[in-house]
Amino acid sequence: QVQPVESGGGLVQAGGSLRLSCIVSGRTFSIYAMGWFRQGPRKEREFVAAISWNGADTYHADSVKGRFTISRENNKNTVYLQMNYLKPEDTAVYYCGIYGPTYPFNQYSNYAMYEHWGQGTQVTVSS
């Protein structure tokens, strides 16, 4: 059983930075593509970023391009989300998900393709 656990959220002023981490239990982390989604107040869960199993391919939502960067360290079973130039509209609970290993990695922005989710970490950006 694999289980993602997110950390690194907090309160930050607009223009600041945070780095989120997601550690995945289990020995098969390196075979999974991973993704970050977020859900703001009174909003649906939305795609933020995704990364292939080996880190060769990364994708970012238009709203975060140039500000957020997804990366991973397979030897640490960890995926990261570096968030710079944060805006108040980035305020949300951020979730880490494991992309279903039997699916081709071409629906990375669809949360239904992810099979396991963490509990989320709150990011609050003040203006």
Side-chain angles (χ1 to χ4, degrees):
Q1 181 73 17
V2 291
Q3 180 63 49
V5 178
E6 304 95 336
S7 62
L11 174 64
V12 64
Q13 288 189 328
S17 298
L18 283 174
R19 188 176 80 157
L20 305 184
S21 298
C22 173
I23 297 176
V24 179
S25 61
R27 293 176 290 179
T28 56
F29 172 76
S30 62
I31 71 171
Y32 296 118
M34 302 290 297
W36 285 97
F37 284 68
R38 66 186 181 187
Q39 188 164 13
R42 298 173 298 280
K43 294 182 180 180
E44 294 187 352
R45 190 171 296 195
E46 65 172 351
F47 169 72
V48 176
I51 188 166
S52 60
W53 67 274
N54 61 356
D57 300 305
T58 61
Y59 305 93
H60 298 81
D62 288 343
S63 59
V64 307
K65 276 181 183 176
R67 300 189 298 123
F68 292 11
T69 303
I70 190 171
S71 62
R72 66 189 295 161
E73 290 187 278
N74 284 350
N75 61 343
K76 295 183 179 180
N77 279 25
T78 303
V79 62
Y80 305 98
L81 185 67
Q82 178 66 44
M83 305 188 297
N84 299 327
Y85 306 107
L86 282 159
K87 304 175 181 180
E89 51 263 45
D90 294 320
T91 294
V93 178
Y94 284 71
Y95 298 91
C96 169
I98 299 174
Y99 195 85
T102 61
Y103 305 138
F105 191 48
N106 58 6
Q107 297 188 60
Y108 49 82
S109 63
N110 182 355
Y111 72 83
M113 295 293 106
Y114 292 78
E115 296 186 344
H116 301 280
W117 294 96
Q119 80 291 345
T121 185
Q122 176 71 48
V123 172
T124 302
V125 184
S126 64
S127 56

Working for side chain to side chain contact (heavy atoms under 4.5 Å, CB included), residues S7 and T121: CA-CA 6 Å; S7 62; T121 185; 5.6 Å; no

Whether N74 side chain and W53 backbone form a donor-acceptor pair below 3.5 Å: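 Yes.
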
Between [atom1] of [X] and [atom2] of [Y], what distance do you get to the nearest 0.5 Å?
X: N75; Y: S30; atom1: CG; atom2: OG; result: 10.0 Å
X: S127; Y: E89; atom1: OG; atom2: CD; result: 10.0 Å
X: T28; Y: N77; atom1: OG1; atom2: CG; result: 8.5 Å
X: Q13; Y: T124; atom1: CD; atom2: OG1; result: 13.0 Å

Output all residues satisfying salt bridge (charged side-chain N to carboxylate O under 4.0 Å, His left out) with [X], sequence neighbours left out; order by chain, then residue number.
X: E46; answer: R38
X: E73; answer: K76
X: R67; answer: D90
X: K65; answer: D62

Filter on disulfide bond (SG atoms under 2.5 Å apart), then keep only pairs touching [range], sequence neighbours left out; what's left?
range: residues 31-88; answer: none
range: residues 83-127; answer: C22-C96
range: residues 32-67; answer: none
range: residues 30-83; answer: none

Quick one: name the residues clustered hydrophobically with Y59, using the 4.5 Å side-chain heavy-atom rule over I, L, V, M, F, W, Y, and just say none if it's on its own.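 Its cluster partners, ordered by chain and number, are F37, F47, V93, Y95, Y99, Y103, F105, Y108, Y111, M113, Y114, W117.
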
Hydrophobic cluster of I51, others only, ordered by chain and residue number, side-chain cut-off 4.5 Å: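 Hydrophobic cluster check, I51: joined to V2, V12, L18, L20, V24, F29, I31, Y32, M34, W36, V48, V64, F68, I70, V79, L81, M83, L86, Y94, I98, V123, V125.
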
Listed partners of A56 passing side-chain contact (heavy atoms from CB on, under 4.5 Å), at least two apart: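 A56: side-chain contact (heavy atoms from CB on, under 4.5 Å) contacts with S52, N54.
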
Can you list everything that forms a side chain to side chain donor-acceptor pair (under 3.5 Å) with Q82? Sequence neighbours excluded, please.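 Once residues adjacent in sequence are excluded, the partners of Q82 under the side chain to side chain donor-acceptor pair (under 3.5 Å) criterion are N84.
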
Shortest non-hydrogen contact between A33 and R72, atoms and distance: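 The pair with the smallest heavy-atom distance is CA-NH1, 4.0 Å.
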
